[in-house]
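Take a look at the structure set out below.
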2 protein chains.
Amino acid sequence: MKRRATIREVAAYAGVSPSTVSRVLNGHSEKHMRPQTKQRVLEAIEQLNYTPVKAAQTLRRVGTRTLGVVIPDITNLYFALLVRGIESAAFERGFTTLICDSNHQKEREGRYLDMLLSEDVEGVLLAPVSLPDEARILRFAEHGVRIVATDRQIPGLPAVEVDNRRASHELAEYILSLGYRQVAYVAGPEGVSTGRDRLAGFREALRSNGVGFAALRYGDFTFDSGHRCAMDILDEQAAEVIVAANDMMAFGVLRAAEERGRSVPRDLGVAGFDHVPHVPYATFMHPELTTVEVPIHQLGRAAATLLLDGEGKGAQVKATLIRGGTCRDLKRSGG
Amino acid sequence: MKRRATIREVAAYAGVSPSTVSRVLNGHSEKHMRPQTKQRVLEAIEQLNYTPVKAAQTLRRVGTRTLGVVIPDITNLYFALLVRGIESAAFERGFTTLICDSNHQKEREGRYLDMLLSEDVEGVLLAPVSLPDEARILRFAEHGVRIVATDRQIPGLPAVEVDNRRASHELAEYILSLGYRQVAYVAGPEGVSTGRDRLAGFREALRSNGVGFAALRYGDFTFDSGHRCAMDILDEQAAEVIVAANDMMAFGVLRAAEERGRSVPRDLGVAGFDHVPHVPYATFMHPELTTVEVPIHQLGRAAATLLLDGEGKGAQVKATLIRGGTCRDLKRSGG
DNA sequence: GTGAAAGCGCTAACAC
DNA sequence: GTGTTAGCGCTTTCAC
């Protein structure tokens, strides 16, 4: 293992000064430079196997060409696909992506945010665990580092997200169109806009049809919370259908239905939201879940694009209703 | 947007010298430092909202305190959990982790490896797509950057992996103990050690029991390849049980069984390898897959630990047989 | 066209 | 215990 060559050594080898080597390195050579000088430098670089030390460059230059991504759960396929989308857009622009998995822990999220600041990232895509830490967010602004709220809103920040409200409204209308009237809802946490918006859109649609919630419970987007809320509902209320604010919780609902001996969709309708391609597991789910498809990869790309190119206030990507088999279909079964 | 505070400003604010601030920052304060001095520095840091510039630290220190991880597929829960394990061990040691998702593409893997080199990572954990590029690997060695083969071997490099051979042997013995004799196997790709070792262990066990493969096909660890191989086998050979080299392919086998009207485990036994907690999807799989549990998070931690602390030649973590319901059980059903 | 010199922000000897 | 000093490797005026 040999020590790495420095720009000085390259300069000495080529018989020029460090500044000349630097000029070649940074393409300032096109303007005014003897071709043979440039040639000698290039040869020296080749010979000495020289690679510039990035830390030294960043220290002098502006901009690290690095971007941070903070998500709550990398083991959730939803966020893995989001990261893929972000990464592909960033990679195209020559940016390195720092992926931080807060593992649903607020404190870890904070630590990562601090780390990103000290890494001098040029921008951050943040899908916060819950209500974001105002002071921390402010510090990024103070340092001129843009943060784009991704997949969920953060007050005062540009956001790229799904049009949750509209899509949820549409889902509700669909549920009602199937003849369901005793509608129970398992909402997401109140601190996360995704949860709030889905609930709001759903409630709107019910209200304008003169229907109220047969039951309303708040979960936290996990399988367990969906299961728990559904058990409550099934034991205490009369519900014809239970709609969850995401698929994870909807799976929990299905589980509860099974445990309570309610056949889906015959005795109980179930619906979710997200429609992550749960392949190949979904292969074994009969029937397929009624849900709303979120173009998550596209959302990731849009977020990265906004952060790196845009000056915009945010964007929304369109979600699509999936008429699965976990809700009765009047056309098919006569409900 | 105000300029970022430097260590000098913090020092001035606290009425101490930059070195004192540096000492506090790097935990050299425990030894000999007045508590009140430390306190003043801490307050100054707080007040000025100070964060050290990483590039400057890196430049002065020996290493970048950064480590690279290259995996084939972040959307695969198996690797997501691996990353979690790696990350947690690295984080504890103050290391930043650069996660690179090659998306099963050899060329992308190469690009990422080059990038990691120019980022001056102190070490790399590599789960290669297939046979690794010798020349590229060599360059890391020349720069004194250690690479640890993670989850799969790379010739000449230390590896942290599952004791695939032993576990696969054990699985085969279990299968035979259930009375199965027409045993078909869907192997992993020949270029990946994980696949080779699982096949070798399985074959050994069969051989020492005087049994040969009723059929042997090679897949590439994907759902589709498992499905394809199983279709072949079911159409052409008499098989009582089909064992796949990982769960993903085993799911493909189950799918094929369903399509060919073979009831599992009554008409056909099926087994896999990995046992990623497919929660909540697994909730809806009846019966649960017979497989081998791989402590993947632990494997990630072990790999990072070896890379950062160890001088060792590698390590193996122990996998555990899971007696699921996709193989007939003589004790229960009388096979 | 090219070189000399001045730091970027930080850490680690070495003083005292 | 704490301060002073000397760079880490590079880019960038500013001379010539």
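So you know, we letter chains A, B, ... as the sequences are listed, proteins then strands, and number each from 1. The figures that follow rest on heavy atoms only: side chains count, while hydrogens, waters and symmetry mates do not.
- Heavy atoms only, all atoms of each residue included: A/Ala14 and A/Ala44 are closest at CB-CB, 3.8 Å.
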Original post:
Would A/Glu142 and B/Asn49 count as a side-chain contact (heavy atoms from CB on, under 4.5 Å) if you check the C-alpha gap in whole Å, the side-chain angles of each, and the deciding distance to 0.1 Å?
Top reply: CA-CA 10 Å; A/Glu142 281 169 6; B/Asn49 231 328; 3.8 Å; yes

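- Here D/dC10 presents its C1' atom at 13 Å from CD1 of A/Ile45, a figure rounded to the nearest Å.
- A donor-acceptor pair shorter than 3.5 Å can be found between the side chains of A/Arg84 and B/Asn103.
- Counted by atom type alone, B/Thr96 and A/Glu119 present one or more donor-acceptor pairs between their side chains at under 3.5 Å.
- Residues passing the side chain to side chain contact (heavy atoms under 4.5 Å, CB included) test with B/Gln316 are B/Glu161, B/Asp163, sequence neighbours excluded.
- Nucleic acid contact for A/Thr58: none, since no nucleic acid atom lies under 4.0 Å from a heavy atom of the residue.
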**OP:** Classify every nucleotide of nucleotides 10-16 of chain C by which part a protein heavy atom approaches to under 4.0 Å, writing B for the base, S for the sugar-phosphate alone and - for neither, in 5'-to-3' order.
**Re:** BBBB---

**OP:** Decide yes or no on salt bridge (Lys or Arg N to Asp or Glu O under 4.0 Å) for A/Glu87 and B/Arg108, but give the supporting numbers first.
**Re:** CA-CA 12 Å; A/Glu87 219 279 339; B/Arg108 238 181 126 84; 3.0 Å; yes

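- One can place CG of A/Leu59 at 18 Å from P of C/dA6, the figure rounded to the nearest angstrom.
- Taking five base pairs at each end of the helix from C/dG1-D/dC16 to C/dC16-D/dG1, the local helix axes there meet at an angle of 40°, rounded to 10°.
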**OP:** Show the numbers, then the answer: is there a salt bridge (Lys or Arg N to Asp or Glu O under 4.0 Å) between A/Lys106 and A/Glu109?
**Re:** CA-CA 5 Å; A/Lys106 200 70 202 148; A/Glu109 179 179 292; 2.6 Å; yes

**OP:** Evaluate the criterion salt bridge (Lys or Arg N to Asp or Glu O under 4.0 Å) for residue pair A/Asp114 and A/Arg136; output intermediate values, then yes/no.
**Re:** CA-CA 8 Å; A/Asp114 287 347; A/Arg136 197 118 42 183; 3.1 Å; yes

